[in-house]
Asks: 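This structure is in structure tokens; I'll ask about it shortly.
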Amino acid sequence: MKFGRSPREKAPVEPVTLKILVAGGFGVGKTTLVAAVSEIKPLRTEETLSEAGRPVDDTGGVEAKHTTTVAMDFGRITLRDDLTLYLFGTPGQDRFWFLWDELAQGALGAVVLADTRRLEDCFAAVDYFERRGIPFVVGVNCFDDADHYPPEDIRTALDLDPGVPVVLCDARERASAKEVLIGVVEHAMARAAAPRESAPH
């Protein structure tokens with residue numbers, strides 16, 4: 001007698017894991033966002049800001065910040081039973097940019113976190129992903145003491161392509177941060193599907 005699978009039983013779903021980068025300027029909330037959504041204890045590589053680093057670390061606007069990421073933050077979130085995201089938060093200072101190329105290997109897409117008090121700090125991250133053709137979403141981290149602007153004003157200020165999503169968020173809130181990550185996945189999938197849909201049948 002053979003014991004086959006019942007027609008009503010579904011075959012086990014092979015989980016898909018995707019890599020997402022969380023990038024942006026110094027002190028914009030990358031470590032906070034990864035910690036807010038991660039279902040495991042996030043791996044952090046933070047060090048205390050030192051006097052030696054003051055000449056190169058611009059803390060204007062984030063004077064209360066006393067630590068900095070020197071390699072990466074790592075977290076994990078399961079969006080569905082068959083879809084898990086691995087999150088890699090990048091260091092924000094220019095002197096750690098040599099790590100970005102390694103972290104970007106195999107990434108589906110990225111979040112560029114922006115702070116309206118220091119909007120120019122995310123220009124470099126936007127340029128980085130544009131040059132490499134990596135899909136990204138701009139997440140505007142709405143700090144309590146920052147001026148708030150409509151997404152279209154942010155898009156204009158950053159000179160973004162029309163197809164790049166701009167999402168207002170609170171990096172401290174799990175639900176808000178999760179929506180940004182879902183936006184990255186949806187945007188990357190749409191970008192990947194576009195050439196096939198436009199190809200002649």
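If you read the sequence from its start, that first residue is 1, and numbering goes on from there.
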Asks: What are the two closest non-hydrogen atoms of Leu21 and Ala107, and how far apart are they?
Replies: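 Taking Leu21 first and Ala107 second, the nearest heavy atoms are CG-CB, 4.1 Å.
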Asks: Mind checking side chain to side chain donor-acceptor pair (under 3.5 Å) for Glu179 and listing every partner two or more places apart, or none if nothing turns up?
Replies: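 Glu179 satisfies side chain to side chain donor-acceptor pair (under 3.5 Å) with no residue once adjacent residues are dropped.
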Asks: Would you confirm whether Lys30, through its side chain, and Phe88, through its main-chain N or O, come within 3.5 Å as a donor-acceptor pair?
Replies: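 No.
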Asks: Can you find a side-chain donor-acceptor pair between Thr116 and Asp147 that sits under 3.5 Å?
Replies: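 The answer is no; no qualifying pair exists.
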Asks: Below 4.5 Å, heavy atoms only, C-beta onward: do Asp115 and Asn141 meet side chain to side chain?
Replies: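 No, side chains not in contact.
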Asks: Got a second to check how far Leu108's CG is from His187's NE2, nearest 0.5 Å?
Replies: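 If I round to the nearest 0.5 Å, the distance is 10.0 Å.
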Asks: Show the numbers, then the answer: is there a side-chain contact (heavy atoms from CB on, under 4.5 Å) between Ser38 and Leu87?
Replies: CA-CA 8 Å; Ser38 182; Leu87 309 177; 5.5 Å; no
Asks: If you look at every heavy atom in Gln105 and Lys19, which pair is closest and at what distance?
Replies: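 Heavy atoms of Gln105 and Lys19 come nearest at O-NZ, 2.8 Å.
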Asks: Is the shortest heavy-atom distance from the side chain of Val16 to the side chain of Asp82 under 4.5 Å?
Replies: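 Side chain of Val16 against side chain of Asp82, heavy atoms only: no contact under 4.5 Å found.
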Asks: Over all heavy atoms of both residues, which pair between Ile20 and Ala110 is shortest? Give the atoms and the distance, please.
Replies: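 In this case the closest contact between Ile20 and Ala110 is CG2-CA, 4.3 Å.
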Asks: Any sub-3.5 Å donor-acceptor pair from Arg155's side-chain atoms to Val164's backbone N or O?
Replies: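 Here the side-chain-to-backbone pair exists.
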Asks: Would you check if Phe136 and Leu160 make a side-chain contact, meaning some heavy-atom pair closer than 4.5 Å?
Replies: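 Yes, side chains in contact.
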Asks: Considering only heavy atoms from C-beta outward, does the side chain of Pro151 approach that of Leu168 to under 4.5 Å?
Replies: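 Pro151 reaches Leu168 side chain to side chain.
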Asks: Looking at CG of Leu79 and OG1 of Thr84, how far apart are the two atoms once the value is rounded to the nearest 0.5 Å?
Replies: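 If I round to the nearest 0.5 Å, the distance is 7.5 Å.
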Asks: Does a side-chain heavy-atom distance below 4.5 Å link Pro91 with Leu103?
Replies: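 A side-chain contact under 4.5 Å exists here.
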Asks: Start with the C-alpha distance between Arg76 and Thr17, add both sets of side-chain angles, then the distance that settles side-chain contact (heavy atoms from CB on, under 4.5 Å), and finish with yes or no.
Replies: CA-CA 10 Å; Arg76 184 187 73 201; Thr17 57; over 6 Å; no
Asks: Evaluate Thr31 against Asp73 for side-chain hydrogen bond (donor to acceptor under 3.5 Å, both in side chains), listing each step before the verdict.
Replies: CA-CA 6 Å; Thr31 298; Asp73 298 311; 2.5 Å; yes
Asks: So Met189 and Leu18, do their side chains get closer than 4.5 Å, heavy atoms only?
Replies: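 In short, these two side chains touch, coming nearer than 4.5 Å.
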Asks: Quick one: does NZ or CZ of Arg132 land under 6.0 Å from the six-membered ring centre of Tyr128, within 45 degrees of the ring axis?
Replies: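 Yes, Arg132 sits over the ring of Tyr128.
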Asks: Show the nearest heavy-atom pair for residues Ala23 and Phe129, with the distance to one decimal.
Replies: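 Taking Ala23 first and Phe129 second, the nearest heavy atoms are CB-CE1, 3.7 Å.
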Asks: Is there side-chain contact between His148 and Val140, with at least one heavy-atom pair below 4.5 Å?
Replies: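 When only atoms from C-beta onward are counted, Val140 and His148 do not touch, as no gap falls below 4.5 Å.
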Asks: Rounded to the nearest 0.5 Å, what's the gap from NZ on Lys178 to SG on Cys169? Could you check?
Replies: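 Here the interatomic distance stands at 15.5 Å.
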Asks: Where do Asp145 and Arg117 land on the side-chain contact (heavy atoms from CB on, under 4.5 Å) test, with the steps shown first?
Replies: CA-CA 9 Å; Asp145 59 345; Arg117 299 169 301 180; 2.9 Å; yes
Asks: At their closest point, which heavy atom of Ala35 faces which heavy atom of Pro42, and how far apart are they?
Replies: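 Looking at all heavy atoms of both residues, the closest pair is CA-CG, 3.7 Å.
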Asks: A side-chain contact here means heavy atoms from C-beta on lying under 4.5 Å apart; do Asp121 and Val28 qualify?
Replies: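 No, their side chains stay 4.5 Å or more apart.
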Asks: Would Leu158 and Phe123 count as a side-chain contact (heavy atoms from CB on, under 4.5 Å) if you check the C-alpha gap in whole Å, the side-chain angles of each, and the deciding distance to 0.1 Å?
Replies: CA-CA 7 Å; Leu158 293 177; Phe123 287 160; 3.1 Å; yes
Asks: Please report the shortest heavy-atom distance between Leu113 and Cys122, naming the atom on each side.
Replies: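 Residues Leu113 and Cys122, closest heavy atoms: O-CB, 3.8 Å.
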